[in-house]
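Below: the structure, in structure tokens.
Since the structure is predicted, the reported quantities are computational estimates derived from the model, not experimental observations. First listed ligand is number 1; within each ligand, the first listed atom is number 1.
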Amino acid sequence: MDNRKIRIIIAGPRGKMGMEAVKMVTATDHFDLKAVVDTKNAGKALQDIDGQPALNIPVYEDLAICIHDTGADVLIDLTKPESGKKHLEIALENGIRPVIGTTGFSDEEIGTYSRIAEEKGLGAVIAPNFAVGAILMMKFARMAAKFMPDIEIIEQHHDQKLDAPSGTAMKTAQMIQDVREPMKQGHPNEKEDLEGARGGDYEGIRIHSVRLPGLVAHQEVLMGATGQTLTIRHDTIDRSAFMPGVKMAVESVMKLDLLVYGLENLME
Ligand code: NAP
């Protein structure tokens, strides 16, 4: 990579994450925001849209045309699951490196996109969680699970979230399963008098999902052993928490020639 600025397109600039990304990219000296991709407002500039910053950045609705016109290096996608997948494909087809923050990718889809990225020799990042602290929480939980394998997860999110449990809770449980055998927890004869009281069951790890207004994204991993408990907790207080991870992904994707799934794999 030469010393010139990394030229960036952001998809979803009016969204809560997209607005933070516009701020982060325009505040970073070695990043250059070339254009944004929105569901509407094609032909306008960002500054012409209500509530958007005073930036003379062109707005497109069609990503392929946007890539063609701007010759950008990286696409940051913070839209919604279906668009994230579509934009990932268009980015790879058109030779631009995608950094995708949407969730909902199956193992099969990750396999397919990995093969495309490898064939093209193009870097790509899919990161369901850009919060560096949340990645550390998962890593610490995996480390501790070797020694304290009785574990329950409580995740808490705002009440607009559609899926449960969160992708982060599932990922945490999967990372823990890498280091412990599936096991039943609690009393062998326990029964629920109220359905769901013991939470979801992932290979014996119980996952509890709380949804309330006022929350952003929070997770506790609770571990118990004889005479002691250990709690590992992460709180996302504001969406700006995700931006150091987005920045890291953009810088890393320029040096990659394959697809990396999960920010944890850029933090080794
Ligand atoms: P949001 O406020 O609903 O914003 C989504 C934005 O994307 C909206 O402005 C929407 O426009 C736009 N959009 C949808 N489809 C599009 C398309 N095809 N082209 C261009 N723009 C499109 O949601 P958010 O809270 O910012 O979250 C955005 C995404 O990031 C979600 O998928 C969320 O799950 C994910 N997320 C990821 C992380 C992470 O760490 N990886 C963290 C938080 C959230 P319309 O309103 O016109 O549909």
_Under 3.5 Å between any N/O of Arg14 and any N/O of ligand 1: does that happen in this structure?_
yes

*asked:* Could you identify the single nearest non-hydrogen protein atom to atom 35 (C) of ligand 1 and state the distance to 0.1 Å?
replied: Gly101 O, 3.6 Å

_Shortest protein contact, atom 3 (O) of ligand 1 (heavy atom only)_ = Lys16 NZ, 4.2 Å

*Mode of Ala127 contact toward ligand 1 - side chain, backbone, both, neither (heavy atoms, under 4.0 Å)*: backbone

*Should Pro128 be counted as touching ligand 1, given the test is an N or O pair under 3.5 Å?*
yes

*So which heavy atom in the protein is nearest atom 31 (C) of ligand 1, and how far is it from that ligand atom?*
Thr79 O, 3.5 Å

*For Val37, take its heavy atoms, then give the atoms of ligand 1 lying under 4.0 Å from any of them.*
20 (C), 21 (N)

*Mind checking the CD1-CG spacing from Ile116 to Leu88? Nearest 0.5 Å is all I need.*
7.5 Å

_Between Gln219 and Thr172, do the side chains contain a donor N or O and an acceptor N or O under 3.5 Å apart?_
yes

*Working to the nearest 0.5 Å, report the span between CD of Glu108 and OH of Tyr113.*
10.5 Å

*Mark yes when over 12 heavy atoms from residues, nucleotides or ligands other than Gln174 sit less than 6.0 Å from its CD; otherwise mark no.*
yes

*For Arg180, what residues pass the side chain to side chain donor-acceptor pair (under 3.5 Å) criterion, not counting sequence neighbours?*
Gln177, Gln185

For residues 97-105, please give each side-chain donor-acceptor pair under 3.5 Å, one per line with the distance, not counting sequence neighbours.
from: Arg97; atom 1: NH1; to: Val253; atom 2: O; distance (Å): 2.9
from: Arg97; atom 1: NH1; to: Leu256; atom 2: O; distance (Å): 2.7

*Ligand-side contact atoms (ligand 1) for residue partner Arg239, heavy atom cut-off under 4.0 Å*: 25 (O)

_Using the rule given for salt bridge (Lys or Arg N to Asp or Glu O under 4.0 Å), can you reason through Lys23 versus Glu20, listing the C-alpha separation, both sets of side-chain angles and the distance that settles it, and then say yes or no?_
CA-CA 5 Å; Lys23 269 193 243 165; Glu20 288 296 333; 3.4 Å; yes

*Sub-3.5 Å donor-acceptor pair from the side chain of His218 to the main-chain atoms of Val216, do we have one?*
yes

_Atoms of ligand 1 close to Leu78 [distance to a heavy atom under 4.0 angstrom, numbered from 1]_ = 5 (C), 7 (O), 28 (C), 29 (C)

*Establish whether Met175 and Ile135 are linked, either directly or via other cluster members, by ILVMFWY side-chain heavy-atom contacts under 4.5 Å.*
yes

_Heavy atom of protein inside 4.0 Å of atom 10 (C) of ligand 1, strictly below_ = no

*atom 40 (O) of ligand 1: which protein heavy atom is closest, and how many Å away?*
Phe130 N, 2.7 Å

*Is there a donor-acceptor pair under 3.5 Å between the side chain of Asp62 and the backbone N or O of Ile65?*
yes

*May I ask you to list the atoms of ligand 1 that are less than 4.0 angstrom from any heavy atom of Met17?*
24 (P), 26 (O), 27 (O), 38 (C), 42 (C), 43 (C), 44 (C)

*Answer yes if a protein heavy atom lies under 4.0 Å from atom 44 (C) of ligand 1, otherwise answer no.*
yes

*For ligand 1, is Lys40 a contact, meaning one of its heavy atoms is under 4.0 Å away?*
no

*Minimum-distance protein heavy atom relative to atom 19 (N) of ligand 1*: His87 CE1, 3.4 Å

*What protein heavy atom is closest to atom 15 (N) of ligand 1, reported as residue, atom name and distance in Å?*
Ser83 OG, 3.1 Å

_Check whether Asp77 reaches the backbone of Thr79 with its side chain - one donor and one acceptor, N or O, closer than 3.5 Å._
yes

*Quick one: look up the protein heavy atom nearest atom 47 (O) of ligand 1 and list residue, atom name and how far away it is.*
Thr39 OG1, 2.6 Å

*For atom 12 (C) of ligand 1, which protein heavy atom lies nearest, and how many Å away is it?*
Gly12 CA, 4.0 Å

